[in-house]
Amino acid sequence: MGFDLEINEKGNLSIGGADANQLAEEYGTPLYVIDEMRIRDNYRRVYKAFSKHYSDFQIFYACKANTNLAVMRILEEEGSGIDAVSPGEIYTSLLAGFDPQRVLYTGNNVKDEEMEFAIESRVRLNVDSVSQLKRLAKIVDPEEFKISFRVNPMVGAGHHEHCITGGEMSKFGIMEKEAVEVYKMAQDMGFKPVGIHTHIGSGILDPEPFMLAVDTLMDIAGLIAQNTGVEFEFIDFGGGLGIPYTPDEQILDIEKFATEITGRFKEKLVHYGLGKPTMCIEPGRYIVGDASYLLTRVNSVKQSYRKFVGVDAGFNTLLRPSMYGSYHHIVAANKPQEEPVEEIDIAGNVCESGDLFARDRPMPELEEGDLIAIMNAGAYAFSMASQYNSRPRPAEVLVNNGESDLIRERESFADVLNKQVLPARLLKK
Ligand code: LLP
């Protein structure tokens, strides 16, 4: 087990054929480096695994994982649709060239203005609650307006309790027991429900909960069809496909996973006479998670009660370790083949004790000036970055076949102050 690292002839870490150290020199640190081919390969692997069993298959990339326009363009070129959670994500998707009908807007606690924006943008609306449905009916003429519902199938899973989105503690979707009633209500209002959706959680490496969710959602869809006559144009099982973050975590066997899921899906279609709807899934992390590295420079080594190796990024740059206690594998980019010699803490530069990328991590001897690469930093990394401590957010670079392009400039102090307005009475006289 372990991660396959690309090492170049200089003995440095290479990302998509580009030397990590040279990238850090050229663009500065902290720096997100995204490997274009890794994204394309990940997308194609999933698409192929599912579509060979069921040809009417569509991926809606969950762009909350990474909304960089270049990443979105790559996925549009690959034929993906988009799972959008906010007007901002809709806006970005359209700018990236996605056909609005390939954008599914699944919001939570959506306000009327946001629905209006979605309707004007002509994207598809996935309704999360009866409240949203009733308000939608006042905004749009329901006749012939196609909608779908997110259903909570009472199955949930995820790498952290914050990332479990099914089950009775979850704020998402309509309850499975009210599903038939809600579809009927929508029809009575004049709507045309054509889809059903669920998303049970994120960062799941065990196929079992997915299988259960597929079975349950299909049973719910069957019940709805029998009781309301709804003809489903699409059935969407959401995202959640995990990736290994630690060297000993197993990868998800996507072939087996897709075979089993499509098998159950097809069985249930026949069983309930549901015809041939489009089968959809919404992976985010699986597509972009392992495609990016965060490069950060060691700027201080402190022997305190423990040994702290301090770097020039923090939880403002990559939040996952502080927020979920997530493990991210870390390698020394200028000496990736050196064996670990000691266990140290790798600390960020934010003024909070929780700002640590790793505790007791076996590493080779690290010195000031060394470059480290934090792996699997493609999903929920830049997209969750902030300007906390008034630190500008980092740059992003896309690499392909040894070439690099800057795809997001490093922010400046002025960017951090952007939109602040000082009342005249507080101006310094
Ligand atoms: N579809 C819906 C409706 C979602 O809410 C999500 C993720 C996805 C798809 C994609 O899930 P994925 O395939 O990426 O697991 N910030 C957390 C993850 C939060 C996920 C939220 N929803 C993290 O860093 O682990």
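Quantities reported herein were computed from a predicted structural model and do not represent experimental measurements. Just so you know, ligand 1 is whichever comes first in the structure, and atom 1 is the first atom listed for that ligand.
Ion pairing between a basic and an acidic side chain is recognised when a charged N comes within 4.0 Å of a carboxylate O; R135 and D112 show such pairing. Ion pairing of D415 with R410 is absent here, as no side-chain N (NZ or NE/NH1/NH2) approaches a carboxylate O to less than 4.0 Å.
Of the polar atoms of H197, none of the N or O atoms is found under 3.5 Å from an N or O of ligand 1, judged by distance alone. Remark: ligand 1 and T106 share no N or O pair separated by less than 3.5 Å (distance only, no angle test). Between G240 and ligand 1, an N or O atom pair is found at a separation short of 3.5 Å.
Residue contact check: G203 has heavy atoms under 4.0 Å from atoms 15 (O) of ligand 1. Remark: ligand 1 atoms within the under-4.0 Å shell around heavy atoms of P283 are 13 (O). Of all atoms in ligand 1, listed by their number and element, those nearer than 4.0 Å to a heavy atom of M384 are 16 (N). Ligand 1 places these atoms under 4.0 Å from at least one heavy atom of R150: 3 (C). Atoms of ligand 1 found under 4.0 Å from any heavy atom of A62, numbered from 1 in the order shown, are 8 (C), 9 (C), 10 (C). Interface atoms of ligand 1 facing G284, defined by a heavy-atom separation under 4.0 Å, are 12 (P), 13 (O), 14 (O). Under a 4.0 Å criterion applied to the non-hydrogen atoms of H159, ligand 1 contributes the atoms 23 (C), 25 (O).
For the pair R408 and Y32, the cation-pi test (distance below 6.0 Å, angle within 45°) is failed. Both cation-pi conditions hold for R124 and F234: the charged atom is under 6.0 angstrom from the six-membered ring centre and inside a 45 degree cone around its axis.
Between F265 and F237, the ring-plane angle classifies as perpendicular under the 30° and 60° cut-offs. Ring-plane geometry between H159 and Y324 is classed as perpendicular, the angle between the planes exceeding 60 degrees on a 0 to 90 degree scale with a lower cut at 30.
The main-chain N or O of N349 is found under 3.5 Å from a side-chain atom of D355 such that the two form a donor-acceptor pair. No donor-acceptor distance shorter than 3.5 angstrom exists from the side chain of E76 to the backbone of F98, with no hydrogens or angles considered. No side-chain donor-acceptor contact under 3.5 Å links S80 to the backbone of F60.
Of the heavy atoms in Y286, none comes closer than 4.0 Å to ligand 1. Contacts with ligand 1 closer than 4.0 Å are made by side-chain heavy atoms of K64 only, the backbone lying farther away. Using a 4.0 Å cut-off between heavy atoms, E282 contacts ligand 1 through both its backbone and its side chain. Under 4.0 angstrom from ligand 1, there are no non-hydrogen atoms of M323. Heavy atoms from both the backbone and the side chain of R285 come within less than 4.0 Å of ligand 1.
Looking only at protein heavy atoms, the nearest one to atom 17 (C) of ligand 1 is Y324 OH, 3.1 Å. Ranking protein heavy atoms by distance to atom 24 (O) of ligand 1, first place goes to R320 NE, 2.6 Å. Residue, atom and distance of the protein heavy atom nearest to atom 15 (O) of ligand 1 are S202 OG, 2.4 Å. In terms of protein heavy-atom proximity, atom 14 (O) of ligand 1 is nearest to Y380 OH, 2.6 Å. Regarding atom 8 (C) of ligand 1, its nearest protein heavy-atom neighbour is H199 CE1, 3.4 Å.
For the atom pair CD1 of I254 and OH of Y47, the computed distance is 14.0 Å after rounding to the nearest 0.5 Å. Here the CD1 atom belonging to I287 is positioned 8.5 Å from the CZ atom belonging to R45, to the nearest 0.5 angstrom. In this structure, CG on L5 lies 10.0 Å from CD1 on I15, to the nearest 0.5 angstrom.
Residues Y245 and H328 place their aromatic rings such that the two centres sit under 6.0 Å apart.
For the ligand labelled ligand 1, residue C163 lies inside the 4.0 Å heavy-atom shell.
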